[in-house]
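Reviewing the structure listed below.
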Amino acid sequence: MAEIPKEEYLEKCTTACAGCTSSLTLRYVLKAAGPDTVLVVPACCTSILQGIYPNTAFNVPVYNIAFAAAAACASGMSEAFASMGKKTNVIVYAGDGGTIDIGIQALSGALERGTDFLYICYDNEAYGNTGMQRSGATPMGARTTTTPGGKTNAKKDLDRIIAAHNIPYQATATPAYPKDLYEKVKTALATPGPSFIHILAPCPPGWRIASDMSVAVGKLAVKTGSWVLWERKYGELSISSPSKGAMKKRAPLRDYLSVQGRFKGISDSTVNELEQAIEKNIAQLAKEEAGEC
Amino acid sequence: MNDPVAMSRPKKGAAGMTGSWRTFRPVVDREACNACGLCAMYCPDGCINEEHEIDLDYCKGCGICAQECPKKAIKMEREER
């Protein structure tokens with residue numbers, strides 16, 4: 001791990017819950033980005049975990065903005081820095097609600113305009129900050145406070161929506177594999193034009209897991225194929241090494257579901273549907289990597 | 001502090017002494033530790049330094065270090081207050 005810098009850009013300590021993987025993600029995002037970075041944060045857990053005014057735990061400038069406006073704000077910021085001749089990194093760090101549901105029009109617009117920025121969606125598969133209400137990212141069968149019997153709709157396929165914009169760099173990651181995450185943020189920031197990283201961030205209180213299990217659950221998501229790590233550079237897809245092994249021999253999906261309280265009592269038919277969705281996704285990604293579609 | 005707009009500044013302990021949240025404290029067995037650094041890599045709050053010493057003023061006691069330690073050199077012991 002010698003190449004990952006020792007500098008920390010988060011002061012001890014944030015108000016994040018114990019075992020928060022969003023906090024862990026942000027550590028590596030900021031290590032990759034360095035001090036010349038501005039974070040744009042819409043309403044999400046990250047707007048809370050900065051700390052209490054007039055203090056903040058974040059050692060980089062942060063601009064807190066309304067839910068729907070993050071990507072639009074970053075567009076303006078990026079243009080302003082460019083006109084001043086500055087090479088400051090503009091990073092939007094948004095949750096799944098602020099990306100997949102509420103912020104999607106501003107994001108789509110910014111991607112279409114070719115804004116030079118990095119958009120990171122850290123996905124805990126619900127509105128965690130307000131008490132775990134369902135979002136478009138909640139997977140089928142997961143119990144949230146607004147889907148007490150388990151969600152009946154499938155998770156919105158954000159990555160294929162983003163892919164339709166044909167942006168220069170797109171990737172998926174999870175902080176259970178910090179080196180992979182670090183390298184993807186580095187590559188994204190080195191690529192001119194818009195880039196997008198979708199990060200699975202297991203949430204101990206929301207997913208009903210013990211705080212020490214959040215990293216282990218992230219690894220299980222990759223090993224069962226529920227979360228596939230890949231990157232797409234200028235349209236060329238490559239599956240990342242942790243997922244390569246998982247795709248050869250997948251761990252049973254039940255291993256991933258049974259450790260999480262939110263999937264308690266999930267029906268066999270829902271597990272089958274999830275299993276089929278995973279198989280379809282993996283088959284499509286494998287085809288694309290082989291250049292068959 | 002004559003900021004033109006309301007603005008927060010970086011400070012250690014912006015969220016208070018988060019060590020008080022802990023119900024279990026991590027205790028490192030130096031004999032078993034092989035200094036691989038995985039605990040420091042996975043600590044969400046960056047509370048473990050290069051010497052693998054844990055900052056108990058801020059450690060929230062999540063237990064990820066103990067869970068991820070390949071040598072099982074970290075034990076979570078109940079806090080007595």
Side-chain angles (χ1 to χ4, degrees), chain A residues 1-2 4 6-28 30-31 35 47-64 175-179 181-182 201-205 209-219, chain B residues 1-27 35-70 72 74-79:
Chain A
M1 299 294 139
I4 297 183
K6 298 265 182 281
E7 286 81 24
E8 298 285 348
Y9 297 97
L10 294 183
E11 301 279 353
K12 296 174 206 169
C13 234
T14 66
T15 31
C17 308
C20 176
T21 50
S22 162
S23 200
L24 181 59
T25 303
L26 201 51
R27 262 186 76 202
Y28 286 94
L30 293 177
K31 275 170 187 274
S47 28
I48 304 300
L49 60 85
Q50 290 159 24
I52 302 152
Y53 177 81
N55 302 320
T56 171
F58 289 23
N59 216 343
V60 292
V62 180
Y63 197 84
N64 289 295
Y177 298 93
K179 206 176 164 220
L181 165 66
Y182 173 85
C203 168
I209 53 177
S211 62
D212 62 345
M213 287 298 288
S214 52
V215 169
V217 167
K219 287 181 183 166
Chain B
M1 292 287 271
N2 290 321
D3 296 329
V5 288
M7 180 165 111
S8 295
R9 291 181 185 281
K11 189 173 176 270
K12 200 172 170 177
M17 301 292 263
T18 47
S20 64
W21 298 8
R22 228 176 19 245
T23 47
F24 288 89
R25 80 162 58 211
V27 179
C36 68
L38 280 177
C39 52
M41 184 170 94
Y42 281 120
C43 178
D45 290 296
C47 282
I48 306 178
N49 67 13
E50 280 175 60
E51 279 75 49
H52 308 107
E53 290 158 346
I54 300 169
D55 187 341
L56 290 173
D57 284 348
Y58 294 104
C59 164
K60 295 168 182 169
C62 68
I64 289 177
C65 50
Q67 178 70 31
E68 295 302 319
C69 177
K72 297 285 161 231
I74 305 177
K75 294 271 172 300
M76 298 304 287
E77 288 176 9
R78 185 168 277 282
E79 285 283 352

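Naming: A, B, ... by sequence-line order, numbering from 1 per chain. From a predicted model like this one, the values you see are computed outputs, not experimental measurements.
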Looking only at heavy atoms, which two atoms of [X] and [Y] are closest? And how far apart?
| X | Y | result |
| --- | --- | --- |
| A:V215 | B:I64 | CG2-CG2, 3.8 Å |
| A:R27 | B:A40 | NH1-O, 3.2 Å |
| A:S211 | B:C62 | OG-O, 2.8 Å |
| A:C13 | B:C47 | SG-SG, 4.2 Å |
| A:A176 | B:Y42 | O-OH, 2.6 Å |
| B:K11 | A:N55 | CD-OD1, 3.3 Å |

Where does [X] contact chain A at under 4.5 Å (heavy atoms): side chain, backbone, both or neither?
| X | answer |
| --- | --- |
| B:A66 | neither |
| B:D55 | side chain |
| B:C43 | both |

Apply the test side chain to side chain contact (heavy atoms under 4.5 Å, CB included) to residues B:M41 and A:Y28: give CA-CA distance (whole Å), side-chain angles for both, the deciding distance (0.1 Å), then the verdict. CA-CA 9 Å; B:M41 184 170 94; A:Y28 286 94; 3.1 Å; yes
Check against side chain to side chain contact (heavy atoms under 4.5 Å, CB included), B:S8 and A:Q50: CA-CA 9 Å; B:S8 295; A:Q50 290 159 24; over 6 Å; no
Among A:L24, A:L10, A:T21, which residue meets the side-chain contact (heavy atoms from CB on, under 4.5 Å) test with B:P44?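 One option only clears the test, and that one is A:L24.
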Check against side chain to side chain contact (heavy atoms under 4.5 Å, CB included), B:Q67 and A:M213: CA-CA 7 Å; B:Q67 178 70 31; A:M213 287 298 288; 3.8 Å; yes
Identify which of [options] forms the greatest number of heavy-atom pairs closer than 4.5 Å to chain B.
| options | result |
| --- | --- |
| A:A216, A:G51, A:G19 | A:G19 |
| A:K12, A:K219, A:E8 | A:K12 |
| A:A16, A:P204, A:C17 | A:A16 |

Against chain B, label A:I52 side chain, backbone, both or neither, depending on which of its atoms sit under 4.5 Å from a heavy atom there.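 Both backbone and side chain.
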Less than 4.5 Å to any heavy atom of chain B: does that hold for the side chain of A:P175, its backbone, both, or neither?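 Looking at A:P175, just its backbone touches chain B.
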Option in B:R22, B:M76, B:E50 with maximal non-hydrogen atom pairs under 4.5 Å from chain A: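 Most heavy-atom pairs within the cutoff with chain A belong to B:E50.
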So, do A:T56 and B:P10 sit near enough that their side-chain heavy atoms are less than 4.5 Å apart?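 Counting from C-beta outward, A:T56 and B:P10 do come under 4.5 Å.
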